[in-house]
Amino acid sequence: EPEVTQTPSHQVTQMGQEVILRCVPISNHLYFYWYRQILGQKVEFLVSFYNNEISEKSEIFDDQFSVERPDGSNFTLKIRSTKLEDSAMYFCASSKGLSRVAVDEQFFGPGTRLTVL
Amino acid sequence: AQSVTQPDIHITVSEGASLELRCNYSYGATPYLFWYVQSPGQGLQLLLKYFSGDTLVQGIKGFETEFKRSQSSFNLRKPSVHWSDAAEYFCAVVAGSTLGRLYFGRGTQLTVWP
């Protein structure tokens, strides 16, 4: 069964460093997402991506964040200058995206745990 | 603004007992409703979803839910819990204008005693 994969499973970085979290969505999906979960808190939406552009972003997704689909398979989240409060589990998800106005089931990856020291 | 509440942080049940995990949402219209489960080291797996129609929804692994509009609730039920159901359970909604954005509850951790 196709699944969303994420690498690495755990990333440790120093405050101020740049990190890139990688995701491989399900191959025929067109809509991609990033969510994060700070320990003990809710899973929060960061951004959605459709047709090679950001579809929606939350108030969390400020200028230090960016997303990219560099090739036909990867979807990345870059954090330009990490802060301590960026420590969280980051989940990638994808959906079929048959229509921009339709709600689809989102398929989630296992997450990347980011620890900022 | 949309919000989702799971009032129970941790629930413990005995294997074979029935289960009900509570979820309430706050939104003016009927949202799209989801329940996800997360086992350790795994991603979030969809158990069931409600978009419209019959308010009693059957999902995978024997789970079901009943959407109650008057109570703004979407509780997850299972008649007989198995030890393998131990996991964290999240309810989530997609509301209206933000079609791709899931709003999650904070999750309920389920422990199953043998």
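Under the 4.5 Å side-chain contact rule for hydrophobic residues, A/Val4 and B/Phe34 do not share a cluster. With hydrophobic clusters built from ILVMFWY side chains whose heavy atoms lie under 4.5 angstrom apart, B/Ile60 shares a cluster with B/Phe63. Hydrophobic clustering (ILVMFWY, side-chain heavy atoms < 4.5 Å, transitive): A/Leu84 and A/Leu77 are in one cluster. Cluster membership for A/Val24 and A/Leu21, using ILVMFWY side-chain heavy atoms within less than 4.5 angstrom, is not shared. The cluster map of Ile, Leu, Val, Met, Phe, Trp and Tyr, joined by side-chain heavy atoms under 4.5 Å apart, puts A/Ile26 and A/Phe49 in different clusters.
Applying the side chain to side chain donor-acceptor pair (under 3.5 Å) definition to pairs two or more places apart or across chains, those involving residues 5-22 of chain A are A/His10-A/Thr115.
If you take OH on B/Tyr36 and CZ on A/Phe91, they are separated by 12.0 Å, rounding to the nearest 0.5 Å. For the atom pair B/Thr5 OG1 and A/Lys42 NZ, the distance stands at 5.5 Å (nearest 0.5 Å). A/Gln106 contributes atom CD, which lies 12.0 Å from atom CZ of B/Arg101 (distance to the nearest 0.5 angstrom).
Between the A/Tyr35 side chain and the B/Leu102 main chain, a donor and an acceptor come within less than 3.5 Å of each other.
Contact between A/Val43 and B/Phe90 at its shortest, heavy atoms only, is CG2-CE2, 4.1 Å.
Residues of residues 62-71 of chain A never come closer than 4.5 Å to chain B when only heavy atoms are counted.
Of the atoms belonging to B/Gln38, it is side-chain heavy atoms, and not backbone ones, that fall under 4.5 Å from chain A.
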